[in-house]
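Reading through the C-alpha cells given below for one structure.
If you read the sequence from its start, that first residue is 1, and numbering goes on from there.
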Amino acid sequence: MSDYPDLIHGAKPGQLIHRPSLSCPATYVLLTLNVIAFAVMVAVDASSLPPLGALLKRTITGFSMDPEFLVRMGASFGPYTRRGEYWRLVTPMFLHVGLIHLTLNNYALYVLGRFLEPIYGYGRFAFLYVVSGIASAYVSMTMSNNVSAGFWASRGHLHLAGVMLVAGILYRGSIPRQWTKVFGTGIILVIVSSLAIGIPLHRFIDNWAHLGGLVGGVLLGLVIPPPDRKYVPGQPMKEHSQALVVIPAAVVVVAVAATAMHYRRYSNVTRLLNQAQVFHALKRDDWAMVRLKAAAAQYPRDERSHEAMGQIYAAQKKWAEAEREYGQAFKLNPT
C-alpha cells in the first residue's frame, strides 16, 4: 500500500484515503520458500529410487507419505519437540504433503497476503505470519502426538484470517474502503468453513493446528496494530520502519539450519541402525552393538538406537541392560 494517500475532494483530516499497492514482498518470499521446501522434499524422496508410480502418487496427492520421512524433513511431532527440537515449531509451516496441498495453501496465502500485507507492511506481516504459525505448531504438538506438516490442510491461512478478523473490527480506519467487506465479519465465513471441513476429515487434517493458528492470529492481531497512516493536511505521511522483519527472518534461518543438521545426523543414525540390523541377523551382535553405540553417541536424543540395543540385550537375557536402554528410549519418545 502506498504510504501517500490519494486525496479526494472533501476529505477530512484523519480520514484514511489511499489506494492499495500491488507490492507484497513478504508474501512472495513465503510462497517461494514453500515451493523450495516442496522441491527439496520431492528430490530427497526421489533419491531413494522408489517406484515411479508410488513417487508420483506421493508427490501429487501426498497419500502414502511415510511419517518417518516427514519427521526427518522437520515435521511437527510432539515428543521430539518437547525433548528440545524446538525448530519443529517453525519448519512445519513450510512443508506440504503433496502438490495439491501445496497449491491450495499457496493460493490461500497469495489471496490473504495481498490483502493483509499492504495494511501492516512487510515487516509486521512477516512477524505475524511466522509467530502465529509457531503458535499453531505449539498447540498441535501439545494436544496431539501425530506427525503434522504443512498446516494440513488450511491452518496456514487461518492464522492470517484471525489477524484479518481483528483488524476489520478494531482498525477499520487502516483498511481501504474497497477492502472493508473482506476484513472483520467478512472473513468469518472463511474461518467457519475451514474449521467445519476439518471435522469430517479429522484423520487427515490437524484440527488442533487450525485452532492454534486462529487463536494465535487473533491474539497477535490484538497486540500488534497496523501502522498509523492517517492523513493530516500539511504534513507528510509518516514513514514506518520495517525492521521487525529481522525477527521472523532470523527465526526461519535458524530453524532451517537446525533442520539440515538434524537431517544429516538422523540419516547417519539410520545408516548405522540398518548395518546393526544386518549384523544382528547374521548373529554378530558384537558388531551390531558397535554400530548402535556409535549411533547413540552421534545423536543421543534419537530413541531408535536405545530401543535397538534394548532388543539385543533382551535377546541375550541381559535384563538390567535391556531395562536401561528401553527406559532411555521411552524417556526420549513416550509414544
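Looking only at distances, a side-chain donor or acceptor of R82 sits under 3.5 Å from a matching main-chain atom of M141. The main-chain N or O of G74 is found under 3.5 Å from a side-chain atom of T91 such that the two form a donor-acceptor pair. Side chain of R88 to backbone of A75: a donor-acceptor contact under 3.5 angstrom is found. Remark: the backbone N or O of R291 is not paired with any side-chain donor or acceptor of Q275 at under 3.5 angstrom. Within the 3.5 Å criterion, the main-chain N or O of Y263 finds a donor-acceptor partner in the side chain of S267. A donor-acceptor contact shorter than 3.5 Å is absent between the side chain of E325 and the backbone of G310. Between the side chain of R124 and the backbone N or O of P225, at least one donor-acceptor pair lies under 3.5 Å. A donor-acceptor pair is defined here as one N or O able to donate and one able to accept, closer than 3.5 Å; such a pair exists between the side chain of S136 and the backbone of A209. The closest donor-acceptor contact from the side chain of E117 to the backbone of T27 lies under 3.5 Å. Between the S144 side chain and the S140 main chain, no donor and acceptor come within less than 3.5 Å of each other.
Side-chain atoms of V44 and F69, non-hydrogen and from C-beta on, do get closer than 4.5 Å to each other. No side-chain heavy atom of F125 sits less than 4.5 Å from a side-chain heavy atom of C24. At least one side-chain heavy atom of R114 sits less than 4.5 Å from a side-chain heavy atom of Y28. A heavy-atom distance below 4.5 Å is found between the side chains of Q311 and Y326. A heavy-atom distance below 4.5 Å is found between the side chains of M93 and I134. Using a 4.5 Å cut-off on side-chain heavy atoms (C-beta onward), Q298 and S305 make no contact. In this structure, the side chains of M41 and L70 come closer than 4.5 Å at one or more pairs of heavy atoms.
Rounded to the nearest 0.5 Å, atoms CG (L211) and CE (M143) are 9.5 Å apart. To the nearest 0.5 Å, atoms OH (Y80) and CH2 (W87) are separated by 10.0 Å. From E321, atom CD reaches atom CD of Q316 across 8.5 Å, with rounding to the nearest 0.5 Å. Atom OG1 of residue T270 and atom CG of residue D302 lie 7.0 Å apart, to the nearest 0.5 angstrom. Annotation: the span from I175 atom CD1 to K181 atom NZ amounts to 14.0 Å, rounded to 0.5 Å. For the atom pair NE2 (H262) and OG1 (T259), the distance works out to 8.5 Å, reported to the nearest 0.5 Å.
In terms of heavy atoms, I191 sits closest to L158 at CA-CD2, 3.9 Å. Closest non-hydrogen pair, H280 versus D285, comes out as ND1-OD1, 2.7 Å. Heavy atoms only, all atoms of each residue included: A26 and A126 are closest at CB-CB, 4.4 Å. Scanning both residues, T61 and K57, for their nearest heavy atoms gives OG1-O, 2.6 Å. Residues L55 and A46 approach most closely at CD2-CB, 3.8 Å, considering heavy atoms. When all heavy atoms of V252 and V130 are compared, the pair lying nearest together is CG2-CG2, 4.1 Å.
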Problem - side chain to side chain contact (heavy atoms under 4.5 Å, CB included) evaluation trace for L219 with V223 - result: CA-CA 7 Å; L219 293 177; V223 299; over 6 Å; no

Exercise for the section: Begin with the C-alpha distance, continue with both residues' side-chain angles, and end with the deciding distance and a verdict on side chain to side chain contact (heavy atoms under 4.5 Å, CB included) for L33 and V256. Expected result: CA-CA 11 Å; L33 290 176; V256 170; over 6 Å; no

Handout entry: Criterion side chain to side chain contact (heavy atoms under 4.5 Å, CB included) on F115 and I187, from CA distance to verdict
Key = CA-CA 12 Å; F115 280 117; I187 199 68; over 6 Å; no

Practice task
Kindly indicate, with the supporting measurements, whether the criterion side chain to side chain contact (heavy atoms under 4.5 Å, CB included) is fulfilled by V40 and M73.
Solution key: CA-CA 9 Å; V40 170; M73 298 303 297; 4.0 Å; yes

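Judged by distance alone, the side chains of Y266 and E68 do bring a donor and an acceptor atom under 3.5 Å apart.
Atom CZ of F38 has more than 12 heavy atoms from other residues, nucleotides or ligands within 6.0 Å. Under a cut-off of 6.0 angstrom, the local environment of CD in E323 is sparse, with at most 12 non-hydrogen atoms contributed by other residues, nucleotides or ligands.
Hydrophobic cluster membership of L292, counting Ile, Leu, Val, Met, Phe, Trp and Tyr whose side-chain heavy atoms lie under 4.5 Å apart directly or via other members: V269, L273, M289, Y299, M309, I312, Y313.
In the hydrophobic clustering of this structure, L116 groups with L222; members are Ile, Leu, Val, Met, Phe, Trp, Tyr whose side-chain heavy atoms approach within less than 4.5 Å, directly or through other members. Cluster membership for L112 and L220, using ILVMFWY side-chain heavy atoms within less than 4.5 angstrom, is shared. Put simply, Y120 and V245 are part of two different groups of oily side chains (I, L, V, M, F, W, Y) that touch within less than 4.5 Å, one to the next. In the hydrophobic clustering of ILVMFWY residues, with side-chain heavy atoms under 4.5 Å counting as a link, V71 and L332 come out apart.
Below 30°, between 30° and 60°, or above 60°: for F94 and Y129 the angle between ring planes is between 30° and 60°, a tilted geometry.
Among V163, I119, I169, the one residue that satisfies the side-chain contact (heavy atoms from CB on, under 4.5 Å) test with F183 is I119.
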